[in-house]
Amino acid sequence: RTAPDAPPDLLVMFVRAHAPALFYHVKRAHVGYRQEADLLDAHGADGGAPEALRAGFLLGVYGELTAQLTPWLRGVAGLHADRLRAEVDALTLAANGGSASDTQWSPKLSLIAGPFAKTELFFNAGRGFHSNDARGTTAAVDPKTGDAVDKVPPLVASQGMELGLRTEALPGLQSSIALWQLDFDSELVYIGDAGATEASSGSQRHGVEWNNRWTPMPWLLVDADFAW
């Protein structure tokens, strides 16, 4: 929380002023952006001469609100917007050059109940993505066979959720356990005969994670994480 003598959070003040009934319990809000660039990356088959020069630019903006819904329940809602642009200069096959772009909106939600005896229950859900190789987003022809190929999307969506518990009930020990599930609309698969990767159908993963951080002595820290 903001310290009493700290300057007021202007975004929180604006939200409270314009939507008092819905956001009366908003405690924190922030916005931001990120940008990444991958420039002039040369690739060749089996270590041979470069086939293409590629450049990728990713720009994202996000916003997040944290609200105390009841004395024992708080929520965090967020939204990411990401824009990716890829440019490929095909050196050996001009038809596979060009540019491609994609945009994805990724909402996220967290609910945290507690603490009860230094223990909290939590639920997280949201949308994310992974990016495909820029060459696949502009490719039109298989360089080995000359056959037409389908272009892949620059961004591939994923949906995930987890339900768990974290506790500090035991002195010196921070522990959490969660059930999770992650769905991808598409996966990248390595094709041994071609020596390349290609987009395939979607997948679903699920499992359990148990994370522990133990400080038995002031000078000793033990981390133990397990996943199934």
Side-chain angles (χ1 to χ4, degrees), residues 25-34 36 56 58-70 72-84 86 102-134 136-137 150-170 173-192 197-214 222-228:
H25 296 290
V26 169
K27 299 300 181 183
R28 184 173 66 249
H30 66 266
V31 296
Y33 82 99
R34 64 173 182 172
E36 301 175 12
L58 178 66
L59 176 65
V61 295
Y62 65 89
E64 182 179 284
L65 291 174
T66 300
Q68 191 72 40
L69 304 175
T70 73
W72 53 269
L73 179 66
R74 66 184 186 275
V76 181
L79 180 64
H80 285 242
D82 294 279
R83 175 74 172 178
L84 175 68
D102 201 359
T103 301
Q104 178 168 297
W105 296 85
S106 303
K108 304 177 187 298
L109 174 67
S110 297
L111 295 174
I112 305 98
F116 310 107
K118 297 185 178 181
T119 300
E120 293 182 333
L121 302 174
F122 61 87
F123 170 77
N124 300 318
R127 195 167 187 254
F129 67 87
H130 75 75
S131 58
N132 280 321
D133 191 309
T137 66
D150 295 328
K151 299 178 181 180
V152 301
L155 298 178
V156 177
S158 63
Q159 299 81 36
M161 64 178 65
E162 64 176 347
L163 176 65
L165 175 150
R166 53 177 166 255
T167 183
E168 297 182 13
L170 298 179
L173 176 64
Q174 299 176 353
S175 185
S176 68
I177 188 169
L179 303 173
W180 61 269
Q181 178 175 305
L182 183 61
D183 300 328
F184 278 103
D185 291 350
S186 176
E187 288 273 15
L188 293 178
V189 177
Y190 181 75
I191 308 300
T197 58
E198 68 177 29
S200 67
S201 59
S203 67
Q204 182 182 97
R205 295 180 174 88
H206 56 269
V208 181
E209 285 191 359
W210 181 27
N211 302 313
N212 300 276
R213 182 183 177 91
W214 182 37
V222 179
D223 275 320
D225 302 326
F226 305 92
W228 296 270

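Below, all heavy atoms of this structure are taken into account, side chains as well, without hydrogens, waters or symmetry copies.
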Please report the shortest heavy-atom distance between Leu155 and Ser131, naming the atom on each side.
CD2-CB, 4.1 Å
Out of curiosity, Gln174 CD to Glu168 CD, how far, rounded to the nearest 0.5 Å?
4.5 Å
Residues Thr119 and Ala169: closest non-hydrogen pair is OG1-CB, 4.4 Å
Heavy-atom nearest pair, Gly160 first then Leu182, reads CA-CD1, 4.0 Å
side-chain contact (heavy atoms from CB on, under 4.5 Å), that's the test. Do Lys151 and Thr137 meet it? Break it down for me.
CA-CA 5 Å; Lys151 299 178 181 180; Thr137 66; 5.9 Å; no
Counting only heavy atoms not in Arg127, do more than 12 sit closer than 6.0 Å to its CZ atom?
yes
Kindly indicate, with the supporting measurements, whether the criterion side-chain contact (heavy atoms from CB on, under 4.5 Å) is fulfilled by Gln159 and Asp185.
CA-CA 9 Å; Gln159 299 81 36; Asp185 291 350; 3.7 Å; yes
As an exercise, state the distance from CG of Asp102 to CZ of Phe129, rounded to the nearest 0.5 Å.
9.5 Å
As an exercise, state the distance from CG of Leu165 to CD1 of Ile177, rounded to the nearest 0.5 Å.
8.5 Å
Working to the nearest 0.5 angstrom, can you tell me the gap between Leu163 CG and Phe122 CZ?
7.5 Å
Any donor-acceptor pair under 3.5 Å linking the side-chain atoms of Glu162 with those of Asn124?
yes
Please determine which of Gln204, His206, Arg205 meets the side chain to side chain donor-acceptor pair (under 3.5 Å) test together with Asp183.
Gln204
Beyond-backbone contact of Leu111 with Leu69, side-chain heavy atoms, under 4.5 angstrom:
yes
If you define the side chain from C-beta out and look only at heavy atoms, does anything of Glu64 sit under 4.5 Å from Lys108?
no
Flag for Trp210-Ser175: side-chain donor and acceptor within less than 3.5 Å
yes
Indicate the atoms forming the closest heavy-atom contact of Gly60 with Asp82, along with that distance.
CA-OD1, 3.6 Å
Is Asn132 reaching over with its side chain to a backbone N or O of Pro153, donor-acceptor style, under 3.5 angstrom?
yes
Over 12 foreign heavy atoms within 6.0 Å of CH2, Trp228
yes
Find out whether Arg166 and Ile112 are in side-chain contact, i.e. whether some heavy atom of one side chain is under 4.5 Å from a heavy atom of the other.
yes
CG (Asp150) with more than 12 external heavy atoms under 6.0 Å
no
For a quick test of reading the model, state the closest non-hydrogen atom pair linking Glu120 to Pro115 and the distance between them.
CG-CA, 4.0 Å
For Val208 and Phe226, what are the C-alpha separation, side-chain angles and deciding distance, and is it a side-chain contact (heavy atoms from CB on, under 4.5 Å)?
CA-CA 8 Å; Val208 181; Phe226 305 92; over 6 Å; no
Parallel under 30°, tilted from 30 to 60°, perpendicular over 60°: which one fits the rings of Trp72 and Phe116?
tilted
